[in-house]
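To start, the structure itself, in structure tokens.
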Amino acid sequence: MRRVTLVLEDGTVFHGTSFGYEQCVAGEVVFNTAMTGYPESLTDPSYAGQLMTLTYPLVGNYGVPPFTMASNGIATFMESDRIYASAIIVSDYCEEYSHWNACESLADWLKREKVPGITGIDTRQLTKVLREHGVMMGKIIFDDDADNIPTADYEGVNFVEQVSCKDVIRYNEGAGKKVVLVDCGVKHNIIRCLINRNVEVIRVPWNFDYTELDFDGLFLSNGPGDPDMCEEAVTILRRQMSKSRKPICGICMGNQLLAKASGASIYKLKYGHRSHNQPVRQVGTQRCYVTSQNHGYAVDANTLGADWSELFVNMNDGSNEGIRHLTNPWFSSQFHPEACSGPVDTEFIFDKFVDNLRG
């Protein structure tokens with residue numbers, strides 16, 4: 001395996017070896033503390049433009065499931081149509097794998113999808129650096145290819161535009177209530193959760209003007225990058241909110257877009273929330289949930305208007321985890337209730353949304 005070096009923007013270096021596709025890359029270095037779920041995380045479009053560090057020390061031991069698609073175009077076991085993370089960084093890659101559903105190794109999958117993977121990195125120390133400094137840009141450089149040093153930008157890039165669908169896609173046609181799903185980088189399990197509740201899903205591009213369509217409710221998906229780059233989506237959403245009380249639900253990026261449309265502001269977290277074990281409390285109760293999360297930005301709850309309130313808060317740092325309108329059926333969560341991969345404690349959010357559709 002070829003020797004590689006991870007170079008952070010502050011000059012910190014980590015040395016390891018390659019086990020994936022052999023190509024120099026650059027991106028925002030983030031860390032994920034989940035113990036499992038690398039197939040789902042790698043195919044989550046919210047990781048677009050990022051070098052994903054897994055803190056769990058052993059990765060690859062259960063291989064990769066088949067990358068098959070159902071007849072409706074939804075991935076059977078993954079969260080999108082391909083890997084979206086720019087690279088994966090691990091401490092110890094396991095070459096041998098064993099799982100009833102595995103059909104190939106993580107290394108073979110990365111090579112086929114042309115995504116670098118590096119192992120032998122002290123991911124605990126790397127995580128400490130990121131926690132202290134905050135997320136940073138980084139480069140993965142092959143030691144014998146020092147002339148091919150990549151550059152990349154994360155700030156100011158509209159990653160949502162890159163990962164959103166380009167055309168309108170319909171699922172479960174004629175099934176009942178119609179839901180417009182604004183695709184900012186939607187995970188396929190969000191679509192699965194809606195279909196499982198017997199609604200028709202109309203998936204539209206992130207900047208599609210849906211305000212004149214015939215539908216019963218609006219769903220705002222997760223997505224990568226800075227929500228401030230999605231002003232077109234916010235403008236359309238604000239227009240919809242001004243003309244109709246139709247139910248609205250948002251997840252992750254959707255939470256931030258709903259907040260922006262209401263007049264609130266967004267800020268960047270120091271190192272984000274990317275894990276399966278974020279504790280969240282429902283405001284006004286002592287009810288707490290263990291949640292799956294993947295985001296680097298948060299809603300500034302202090303800027304919410306008088307007609308809005310927080311719905312959930314993060315028990316670790318007090319950041320916002322969801323908002324709700326006081327009179328209209330509009331609400332959102334910063335965490336992932338579809339939770340693939342992760343705990344399914346909060347899937348009731350889909351039930352609440354569908355109940356709102358039916359009045």
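Counting heavy atoms from C-beta outward, I149 and T151 have side chains that stay 4.5 Å or more apart. Side chains of V168 and I202 form a contact here, defined as non-hydrogen atoms less than 4.5 Å apart. Side-chain atoms of F350 and E338, non-hydrogen and from C-beta on, do get closer than 4.5 Å to each other. Annotation: side chain of L258 is in contact with side chain of W308 (closest heavy-atom distance under 4.5 Å). Within the 4.5 Å cutoff, the side chain of P224 has heavy atoms near those of the V160 side chain. Proximity of L194 to Y171: side-chain heavy atoms (C-beta onward) are nowhere separated by under 4.5 Å. With contacts defined as side-chain heavy-atom distances shorter than 4.5 Å, the pair T5/H15 qualifies. Between C193 and R197, the closest side-chain pair of non-hydrogen atoms falls below 4.5 Å.
Closest of all the heavy-atom pairs between S80 and A75 is O-CB, 3.6 Å. Residue Q240 comes nearest to K246 through the heavy atom pair NE2-CD, 4.0 Å, listed as atom of the first residue, atom of the second, then distance. Nearest heavy-atom pair, K243 versus T211, reported as atom, atom and distance to 0.1 Å: NZ-O, 2.9 Å. Here the closest heavy-atom approach between residue V186 and residue D183 is recorded as N-OD1, 2.8 Å. Contact detail for Y267 and S319: the closest heavy-atom pair is OH-CB, 3.8 Å. V199 and N172 make their closest contact through O-ND2, 3.1 Å (heavy atoms, listed as atom of the first residue, atom of the second, distance).
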- Evaluation steps, salt bridge (charged side-chain N to carboxylate O under 4.0 Å, His left out), between R192 and E79: CA-CA 10 Å; R192 295 187 198 105; E79 287 305 298; 3.1 Å; yes

- Going through the checks in order, is the side chain to side chain contact (heavy atoms under 4.5 Å, CB included) test met by F331 and N356? CA-CA 11 Å; F331 70 102; N356 286 342; 3.6 Å; yes

- Item | Candidate pair K177 and V354, rule side chain to side chain contact (heavy atoms under 4.5 Å, CB included), full reasoning | CA-CA 9 Å; K177 297 295 184 179; V354 173; over 6 Å; no

- Task: Apply side chain to side chain contact (heavy atoms under 4.5 Å, CB included) to the pair I323 and N255, showing each step before the final yes or no.
- Result: CA-CA 7 Å; I323 63 174; N255 177 59; 3.7 Å; yes

- Task: Start with the C-alpha distance between E347 and D351, add both sets of side-chain angles, then the distance that settles side chain to side chain contact (heavy atoms under 4.5 Å, CB included), and finish with yes or no.
- Result: CA-CA 7 Å; E347 201 172 300; D351 297 325; 5.9 Å; no

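Within 6.0 Å of CD on E95 lie no more than 12 heavy atoms contributed by other residues, nucleotides or ligands. More than 12 heavy atoms of other shown residues, nucleotides or ligands fall within 6.0 angstrom of atom CG in N72. No more than 12 heavy atoms of other residues, nucleotides or ligands sit less than 6.0 Å from atom CE of M35. The 12-atom threshold is exceeded at CD of E173, counting heavy atoms of other residues, nucleotides or ligands nearer than 6.0 Å. More than 12 heavy atoms of other residues, nucleotides or ligands sit less than 6.0 Å from atom CZ of R112. Heavy atoms from other residues, nucleotides or ligands lying under 6.0 Å from NZ of K268 number more than 12. With a 6.0 Å radius and a threshold of 12 heavy atoms from other residues, nucleotides or ligands, K270 has its NZ atom above the threshold.
Side chain of S292 to backbone of S341: a donor-acceptor contact under 3.5 angstrom is found. E200 contributes a side-chain N or O that, together with a main-chain N or O of G174, makes up a donor-acceptor pair within less than 3.5 Å. With N101 contributing its side chain and P65 its backbone, the two residues share no donor-acceptor pair below 3.5 Å. The backbone N or O of I83 lies less than 3.5 Å from a partner atom in the side chain of E113, making a donor-acceptor pair. Without hydrogens or angle criteria, D92 side chain to P57 main chain gives no donor-acceptor distance under 3.5 Å. Checked by atom type and distance alone, the side chain of S221 pairs as donor or acceptor with a backbone atom of V182 at under 3.5 Å. No donor-acceptor pair under 3.5 Å is formed between the side chain of T53 and the backbone N or O of I89. A side-chain donor-acceptor contact under 3.5 Å links T76 to the backbone of T68. Listed for the S164 side chain is a donor-acceptor partner under 3.5 Å among the backbone atoms of W206. Put simply, the side chain of S86 never gets that close to the backbone of G27: no donor and acceptor are under 3.5 Å apart.
With rounding to the nearest 0.5 angstrom, the CD1 atom of I251 is 7.5 Å from the NE2 atom of H336. With values rounded to the nearest 0.5 angstrom, C252 atom SG is found 9.0 Å from E321 atom CD. We find the CG-CG distance between D307 and N328 to be 8.0 Å, quoted to the nearest 0.5 Å. Atom CG in D153 sits 6.5 Å away from atom CE in M137 (nearest 0.5 Å). Here the CG-CG distance, from L106 to L110, works out to 4.5 Å after rounding to the nearest 0.5 Å. To the nearest 0.5 Å, the span separating CG on L220 from CG on L257 amounts to 6.5 Å.
The ring of Y38 has its center closer than 6.0 angstrom to the ring center of Y62. Between Y289 and F348, a ring centre-to-centre spacing shorter than 6.0 Å is recorded.
Side-chain contact, N320 with Q334: no donor N or O sits under 3.5 Å from an acceptor N or O. Remark: the N294 side chain and the N222 side chain contain no N/O donor-acceptor pair separated by less than 3.5 Å.
Ion pairing between K260 and E231 holds under the 4.0 Å rule for side-chain N and carboxylate O. Taking a cutoff of 4.0 Å between a charged side-chain nitrogen and a carboxylate oxygen, D143 and R2 do not qualify as a salt bridge. Under 4.0 Å is where a charged nitrogen must lie from a carboxylate oxygen, and between K111 and E104 no such pair does. A salt bridge does not link R281 to E310: none of the charged nitrogens lies less than 4.0 Å from a carboxylate oxygen.
Hydrophobic cluster membership is shared by Y47 and W109, with clusters built from Ile, Leu, Val, Met, Phe, Trp and Tyr side chains linked at under 4.5 angstrom. Hydrophobic clustering of Ile, Leu, Val, Met, Phe, Trp and Tyr side chains at less than 4.5 Å, counting indirect connections, unites I118 with F142. Under a hydrophobic-cluster definition in which Ile, Leu, Val, Met, Phe, Trp and Tyr are linked whenever side-chain heavy atoms come within less than 4.5 Å, directly or via other members, Y84 and I88 are assigned to different clusters. Both M136 and V30 are members of a single hydrophobic cluster when ILVMFWY side chains are connected at heavy-atom separations under 4.5 Å. In the hydrophobic clustering of this structure, W330 groups with F215; members are Ile, Leu, Val, Met, Phe, Trp, Tyr whose side-chain heavy atoms approach within less than 4.5 Å, directly or through other members.
Classification of the H295-H273 ring pair by plane angle, with boundaries at 30° and 60°, yields perpendicular.
Checked against K178 for a side-chain contact (heavy atoms from CB on, under 4.5 Å), the options D216, L213, V201 give a single hit: D216.
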